[in-house]
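The structure under discussion appears below in the form of structure tokens.
For ligands, and for the atoms within them, numbers begin at 1 and follow the listed sequence.
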Amino acid sequence: METKIFSKEQIDEAVKLLAQGELVAFPTETVYGLGAIATNEKSVKRVYAAKGRPSDNPLIVTVADEKMMASYAKEIPERAQKLIKHFWPGPLTLLLFVKPGSLPKAVTGGLDTVAFRCPDDRLTHDLIAKLGSPIVGPSANTSTKPSPTTAVHVYHDLKGKIAGIIDGGPTRVGLESTIVDLSVASPVVLRPGEITPEEISAVLGEKVLINTGKVSDKEVPKAPGMKYRHYAPSAPVIVVDRVEDFAKVPFTNATGVMALAAELAKIPLPEENKFNLGNNLEDADHNLFGGLRYFDDKSSITQIYVQGFAQGEKSLAYMNRLNKAAAGHHFKY
Ligand code: TXA
Ligand code: MG
């Protein structure tokens, strides 16, 4: 299959393909998503095949607005209404009870809940509004690989497997949306993102729990995606928690380093072994997946040292992804 690249001006062609049941990747403010019409079971199943995604890992449903969501949610509780009013469109995904029979089982993995997302991206909004139906929107990467933040990343993983990619340029945030579970007694953040638990808590006026814990293969976690290997380049990743420890890393020609510009400048390695994460944490969020992909394509690199950030509200999402990429491996000497 030829994978066409569409510009922002060509979304009508993308809408046509989606309506025919084809798969089209689309930009959002977080990462690129892999779109298929959410009401068509056959199309949804093809999303799992294209990504190589285990079938018990349910898909996010991407909607144009709250009104569209209302056709697929059993109810929209007051908490959800508050969060929608404050954060939508935006990088906050809401887990609600699904309206029985409104979506194919392949979307929800047979669970009684569904994750709704309304991206802050004009193009995505227009795409879904024109289609008149929600689209599923898992990250448009091969399962286990870092999520794509450019159309080139999507093409790298999925060329020949999907009908098209809409190129909207690099995504703004660079890490996937915050997921908050509203199907339980107290709201729980299942995946941290740009919108922090504290911000959610402030809007709801109540405590918000955080549960991003890893579980064994045998358990059924609340967010099934959590049990799988994630964001992993082919070489092992090691987190460097304190920048002064970079001086103790045993660098060789096979070492890759990802760090902020100021740290990188001090590291005695050829430029091609270095990936600049930018000047601050926000830049690092934006660049993390791109850096992991940069080294994934360099077979000469056998280990990748990546700058960590001290625990805090704002670093939660970055450290969550980095810890997964590193499978919990931190630098010790
Ligand atoms: O920012 C994002 O959310 C991106 C963009 C493309 O919208 N999408 C995204 O989708 O990250 P995905 O499929 O890569 O991650 C969604 C996560 C998975 O870990 C999945 O297990 C979880 O959400 N999830 C989906 N439906 C769920 C449900 N009903 N219950 C629990 N977890 C669910
Ligand atoms: Mg994903």
Out of curiosity, is [X] lining ligand 1, as in a heavy atom under 4.0 Å away?
X: Gly137; result: yes
X: Ile179; result: yes
X: Phe26; result: no

Indicate yes or no: does Lys130 engage Glu13 in a salt bridge with an N to O separation below 4.0 Å. no
Set of salt bridge (charged side-chain N to carboxylate O under 4.0 Å, His left out) partners for Lys42, sequence neighbours left out: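 For Lys42, no residue satisfies salt bridge (charged side-chain N to carboxylate O under 4.0 Å, His left out) once neighbours in sequence are set aside.
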Results of salt bridge (charged side-chain N to carboxylate O under 4.0 Å, His left out) for Glu263 - residues two or more places apart only: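 Listed in chain order: Lys266.
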Under a 4.0 angstrom heavy-atom cut-off, which atoms of ligand 1 come close to [X]?
X: Gly33; answer: 6 (C)
X: Tyr32; answer: 6 (C)
X: Leu95; answer: 27 (C), 28 (C), 29 (N), 30 (N), 31 (C)
X: Glu176; answer: 1 (O), 2 (C), 11 (O)
X: Ser177; answer: 1 (O), 2 (C), 3 (O)
X: Val31; answer: 4 (C), 5 (C), 6 (C)
X: Leu111; answer: 28 (C), 29 (N), 30 (N)
X: Ala115; answer: 25 (C), 26 (N)

Measuring only between side-chain heavy atoms, which start at C-beta, is [X] closer than 4.5 Å to [Y]?
X: Lys274; Y: Leu269; result: yes
X: Ile304; Y: Met258; result: yes
X: Arg242; Y: Asp245; result: yes

Aromatic contact, Tyr305 with Phe246 (centres under 6.0 Å): no
Any idea how many protein N, O or S atoms are nearer than 2.8 Å to the Mg ion (ligand 2)?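 Protein heteroatoms (N, O, S) closer than 2.8 Å to the Mg ion (ligand 2) number 1.
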Donor on one side chain, acceptor on other, [X] and [Y], under 3.5 Å:
X: Asp296; Y: Ser234; answer: yes
X: Tyr333; Y: Lys248; answer: yes
X: Thr30; Y: Glu176; answer: no

With distance as the sole test, does Ser139 use its side chain to make a donor-acceptor pair with the main-chain N or O of Asn141 at under 3.5 Å? no
Do any nitrogen or oxygen atoms of Thr30 come within less than 3.5 Å of a nitrogen or oxygen of ligand 1? yes
Would you check the N or O atoms of Asn57, main chain and side chain alike, for any that come under 3.5 Å of an N or O of ligand 1? yes
For ligand 1, which part of Glu194 has a heavy atom less than 4.0 Å away: the side chain, the backbone, both, or neither? neither
Other than Ile210, which residues form its hydrophobic cluster under the rule that side-chain heavy atoms must be closer than 4.5 Å?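 Its cluster mates, by chain and number, are Leu316.
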Geometric class of the Phe275/Tyr294 ring pair [parallel <30°, tilted 30-60°, perpendicular >60°]: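 Because their plane-to-plane angle lies in the 30° to 60° range, the rings of Tyr294 and Phe275 count as tilted.
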Which option wins on minimum heavy-atom distance to atom 16 (C) of ligand 1: Ile60, Val173, Leu59? Ile60
